[in-house]
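Below is one structure, written out as C-alpha cells; the observations come after it.
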Amino acid sequence: MSNFTVNGVYSYTSANLYSYLGRVPFNSAALERAFDDFNITPTGKTDDLKKLDAAMYAEYSKQVQEQIDNQNNQKVIPWASLCAQIGVQATGDYEKDYAAFNNAIQLLSQSAIDGQAMTYFAGLKTEAQSVFGLSNKPSEQNATMTYYNYQAQFLT
C-alpha cells in the first residue's frame, strides 16, 4: 500500500483512494491537480476524497447532459427525404412517420399500372427497410464517455 502526498503535507493511502474514487492516480501530482481542478482544499481526511468524487461526478453529469441536449437540438430525420418522394412530410416521430410511409406506399403501389412505376415503388420499399431500420430508430441517449474514463483524465 502506497501513500500519495498532496501539497507536501496531506497524505492519502492508495486503499482509501481506490475505495472512494474507484481508482488510484498515477502519482501524487495527478491527485494534487485533481484537487486543484475541482477547487477542493485537501485536509488529509477521507472527506476530501468524497468531495473530489462528488465534484468529478457532478461535472461529468453536466457534460453528458450538455451532449444529450446538443444531440436533441440537432435533430436529423434520416427518413425525411424518402418520405418526401411519395408526398409524406416527416415529423420526426418514428412510429407515426413509418406508419404514414407504409400507408402511402401501399396506396401508390396499388394504383401503379405500368411496370416502371411498380419497380419504382418496390425500390422505395427496399430503401425504407434500411432507412426505417433499427439503426435509425430513436432510443435512449447514451453517454459517449463513461464516468470511469472521465475520472481517469484527472487522475493520470
Side-chain angles (χ1 to χ4, degrees), residues 1-105 122-156:
M1 180 164 54
S2 57
N3 286 329
F4 292 80
T5 304
V6 176
N7 295 342
V9 178
Y10 305 109
S11 183
Y12 302 91
T13 65
S14 57
N16 279 340
L17 287 163
Y18 188 80
S19 176
Y20 289 98
L21 301 178
R23 62 183 311 119
V24 177
F26 183 69
N27 56 29
S28 293
L31 181 59
E32 192 168 331
R33 249 190 337 272
F35 278 121
D36 289 342
D37 288 344
F38 291 97
N39 297 317
I40 296 172
T41 304
T43 63
K45 297 180 182 174
T46 55
D47 285 346
D48 302 343
L49 301 176
K50 290 179 190 177
K51 289 177 188 175
L52 181 59
D53 185 54
M56 284 186 198
Y57 189 76
E59 179 65 24
Y60 168 75
S61 296
K62 179 182 160 195
Q63 287 184 6
V64 169
Q65 189 57 51
E66 286 174 2
Q67 289 174 357
I68 291 171
D69 291 345
N70 287 340
Q71 288 173 356
N72 289 339
N73 290 336
Q74 298 172 358
K75 190 172 189 178
V76 174
I77 304 170
W79 52 85
S81 66
L82 177 67
C83 288
Q85 290 181 50
I86 58 170
V88 173
Q89 177 147 0
T91 64
D93 182 316
Y94 180 86
E95 302 297 332
K96 287 181 183 177
D97 289 349
Y98 188 52
F101 175 84
N102 282 330
N103 289 338
I105 199 76
L124 289 178
K125 286 180 184 178
T126 302
E127 186 180 345
Q129 289 175 347
S130 65
V131 172
F132 281 105
L134 292 177
S135 64
N136 285 331
K137 187 172 183 176
S139 62
E140 195 173 307
Q141 299 287 346
N142 294 320
T144 56
M145 180 190 327
T146 65
Y147 175 57
Y148 185 78
N149 290 339
Y150 174 81
Q151 188 182 48
Q153 75 184 5
F154 293 100
L155 300 176
T156 54

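Bear in mind that the values here come from a model prediction, so they are computed numbers and not experimental data. Positions are given from 1 along the sequence.
With hydrogens and angles ignored, the 3.5 Å screen pairs no side-chain donor or acceptor of Ser2 with any backbone N or O of Ser14.
Partners of Ser61 by side-chain contact (heavy atoms from CB on, under 4.5 Å), not counting sequence neighbours, listed by chain and number: Tyr57. The side chain to side chain donor-acceptor pair (under 3.5 Å) test applied to Thr43 returns Asp48, not counting sequence neighbours. Residues satisfying the side chain to side chain donor-acceptor pair (under 3.5 Å) test with Gln85, not counting sequence neighbours, are Tyr120. For Lys45, there are no salt bridge (charged side-chain N to carboxylate O under 4.0 Å, His left out) partners two or more places apart in sequence or in a different chain. Partners of Ala58 according to the side-chain contact (heavy atoms from CB on, under 4.5 Å) rule, which considers only residues two or more places apart in sequence or in another chain, do not exist here. Scanning for ring-ring contact (aromatic ring centres under 6.0 Å, His included) contacts around Phe101 gives Phe132, with sequence neighbours left out. Here Tyr10 pairs with nothing under the ring-ring contact (aromatic ring centres under 6.0 Å, His included) rule; sequence neighbours left out. Every residue was checked against the salt bridge (charged side-chain N to carboxylate O under 4.0 Å, His left out) condition with Asp36, not counting sequence neighbours, and none meets it. With sequence neighbours left out, Asn103 forms a side-chain contact (heavy atoms from CB on, under 4.5 Å) with no residue at all. Ala29 is linked by a side-chain contact (heavy atoms from CB on, under 4.5 Å) to Asn27, Arg33, counting only residues two or more places apart in sequence or in another chain.
The minimum heavy-atom distance linking Tyr12 with Leu31 is given by the pair CD1-CD2, 3.9 Å. Minimum interatomic distance between Glu32 and Val6 (heavy atoms only, all atoms of both residues): CG-CG1, 3.8 Å.
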* Check step by step if side chain to side chain contact (heavy atoms under 4.5 Å, CB included) holds for Val88 and Asp97. => CA-CA 8 Å; Val88 173; Asp97 289 349; 5.7 Å; no

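The shortest side-chain heavy-atom distance between Ile77 and Tyr94 does not fall under the 4.5 Å cut-off.
For the atom pair OG1 of Thr46 and CG of Leu52, the computed distance is 12.5 Å after rounding to the nearest 0.5 Å.
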